[in-house]
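For the single chain, residues carry numbers from 1 onward in sequence order. Only heavy atoms go into these numbers, but all of them, side chains included; no hydrogens, no water, no symmetry mates.
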Amino acid sequence: MKIATYCITFPEEYEIIRNMVGQAKRLGDVFLFDGGMEYSLCRHPTPDLDKLAIAKVAADTGCHYDFLPWPGNPGAQRNAALEALAAYDYDWIIHNDSDELWTNEAVEAIPDYLASLPDRVTNVQVKVLPLVEDEAHYAPGYAHHLVHGRIHRPGTVKWGETWHEHQTYTGERVKSDLWLVHTNWLFLNRLRRIKGHGLEGWESIEVADYDLEYTWPELVYPWDDA
């Protein structure tokens with residue numbers, strides 16, 4: 001089975017992208033698409049940031065690298081990435097964000113799980129595990145299935161060309177017990193740099209002691225959260 005993971009990122013993510021890559025490489029090929037500095041989702045880029053940072057990470061970790069010009073919204077940019085992947089022969093495609101990584105348990109389970117799915121199943125929903133403040137706490141109210149399929153067969157999904165994560169698909173969608181660790185609320189200084197605010201932007205977050213059995217590797221932290 002041939003699995004590819006793609007991630008659309010930008011230079012300010014050059015440190016934490018290694019967390020995603022480390023787990024995704026265990027599943028197959030990884031494609032890093034640099035969305036660029038201008039008009040990217042990063043609203044507060046570091047002035048002296050190396051614009052080739054993602055290309056250097058890709059070379060260092062053995063990932064494919066390409067640059068995707070900003071088309072005006074994230075959905076269109078994701079579709080451009082899928083068009084690039086269409087030139088290859090993969091059985092399944094995975095989409096990860098820069099601040100996400102698979103749990104160790106998900107990495108072990110994904111190949112056999114995907115092999116067990118009938119042909120009519122074309123895309124898979126996964127669960128997100130949002131860490132908050134540190135690795136010993138998470139947000140149970142946000143630990144649920146993402147509304148869009150993060151794993152799919154080639155040519156079966158398309159992102160809505162909007163700022164929202166709307167997705168259309170052909171075939172059948174299923175919900176899995178595969179977990180993605182979300183680190184956006186873990187790296188608080190990074191959050192402030194990118195969003196302009198910290199957790200006060202999500203005052204409704206309920207924080208609880210981490211009580212699940214899922215694990216992940218030692219994380220690389222951004223320079224100002226280390």
Side-chain angles (χ1 to χ4, degrees), residues 1-14 16-17 19-21 23-25 27-43 45 51-55 57-58 61 63-102 106 110 114 117 119-128 145-176 178 180 182 184 194-195:
M1 178 185 298
K2 295 175 64 178
I3 300 173
T5 297
Y6 75 96
C7 177
I8 300 173
T9 185
F10 47 89
E12 188 159 289
E13 304 284 43
Y14 78 96
I16 68 167
I17 196 72
N19 296 317
M20 187 281 296
V21 169
Q23 292 295 71
K25 286 281 289 184
L27 295 168
D29 296 336
V30 178
F31 291 75
L32 298 181
F33 292 98
D34 188 344
M37 296 279 290
E38 190 176 10
Y39 306 122
S40 73
L41 295 181
C42 180
R43 298 181 177 85
K51 293 184 179 181
L52 298 178
I54 298 302
V57 171
T61 57
C63 297
H64 298 266
Y65 170 83
D66 202 354
F67 180 83
L68 280 182
W70 176 244
N73 64 76
Q77 201 168 38
R78 290 170 182 165
N79 287 334
L82 291 179
E83 289 177 9
L85 286 173
Y88 298 85
D89 183 26
Y90 291 107
D91 299 297
W92 292 91
I93 294 173
I94 297 174
H95 171 250
N96 283 171
D97 285 337
S98 304
D99 57 3
E100 298 171 341
L101 67 148
W102 290 112
I110 285 173
L114 295 180
L117 296 176
D119 291 343
R120 68 177 183 275
V121 174
T122 60
N123 68 109
V124 178
Q125 290 175 274
V126 304
K127 294 180 178 179
V128 63
H145 282 99
L146 295 168
V147 297
H148 48 274
R150 283 301 192 89
I151 307 175
H152 62 85
R153 299 185 193 271
T156 62
V157 306
K158 185 175 182 179
W159 295 93
E161 297 195 349
T162 68
W163 280 84
H164 299 286
E165 297 181 318
H166 177 68
Q167 187 184 74
T168 59
Y169 62 94
T170 59
E172 183 178 327
R173 171 174 286 176
V174 295
K175 291 184 177 180
S176 72
L178 303 171
L180 268 176
H182 180 251
N184 188 40
I194 292 178
K195 298 293 186 182

K158, NZ: over 12 other non-hydrogen atoms inside 6.0 angstrom:
no
Residue pairs fulfilling salt bridge (charged side-chain N to carboxylate O under 4.0 Å, His left out) with at least one residue in residues 83-94, sequence neighbours excluded:
none
One pair to check against side chain to side chain contact (heavy atoms under 4.5 Å, CB included): Y6 and R78. What are the steps and the verdict?
CA-CA 9 Å; Y6 75 96; R78 290 170 182 165; 4.2 Å; yes
Is there side-chain contact between T9 and V57, with at least one heavy-atom pair below 4.5 Å?
no
For E161, which residues count as a salt bridge (Lys or Arg N to Asp or Glu O under 4.0 Å) partner, sequence neighbours excluded?
none
Quick one: pull up CG in N123 and CZ in R150 and give me the separation to the nearest 0.5 Å.
12.5 Å
Kindly determine whether W159 and H95 satisfy side chain to side chain contact (heavy atoms under 4.5 Å, CB included), including the steps that lead there.
CA-CA 11 Å; W159 295 93; H95 171 250; 4.0 Å; yes
Kindly indicate whether the side chain of L82, heavy atoms from C-beta on, has any atom under 4.5 Å from the side chain of V157.
yes
Using distance alone, with no hydrogens and no angle criterion, decide if D29 and Y90 have a side-chain donor and acceptor under 3.5 Å apart.
yes
Once you round to the nearest 0.5 Å, how far does NE2 of H145 lie from NZ of K127?
5.0 Å
Beyond-backbone contact of M1 with L114, side-chain heavy atoms, under 4.5 angstrom:
yes
Is any side-chain heavy atom of P74 closer than 4.5 Å to a side-chain heavy atom of E165?
no
If you define the side chain from C-beta out and look only at heavy atoms, does anything of N73 sit under 4.5 Å from W163?
yes
Are C7 and V30 side-chain neighbours, meaning at least one heavy-atom pair lies under 4.5 Å?
no
Close side-chain approach of F33 and Q77, heavy atoms under 4.5 Å
no
Heavy-atom closest pair (P11 atom, A53 atom, distance to 0.1 Å) is O-CB, 3.9 Å
Between the CG atom in L178 and the CG atom in L180, the distance rounded to the nearest 0.5 Å is 8.5 Å
Full working for side chain to side chain contact (heavy atoms under 4.5 Å, CB included) between T122 and H152:
CA-CA 5 Å; T122 60; H152 62 85; 5.9 Å; no
Measure the spacing between CG of D34 and NZ of K51 and express it to the nearest 0.5 Å.
11.0 Å
Please examine the side chains of V121 and E172, heavy atoms only from C-beta on, and report whether any two atoms are closer than 4.5 Å.
yes
Supply the atom-to-atom distance W92 CH2 to I3 CD1, rounded to the nearest 0.5 angstrom.
9.0 Å
Minimum heavy-atom separation for E13 to S98, with atom names?
OE2-CB, 3.5 Å
Drop me the distance from L101's CG to I17's CD1, to the nearest 0.5 angstrom.
10.5 Å
Full working for side chain to side chain contact (heavy atoms under 4.5 Å, CB included) between L146 and Q125
CA-CA 6 Å; L146 295 168; Q125 290 175 274; 6.0 Å; no
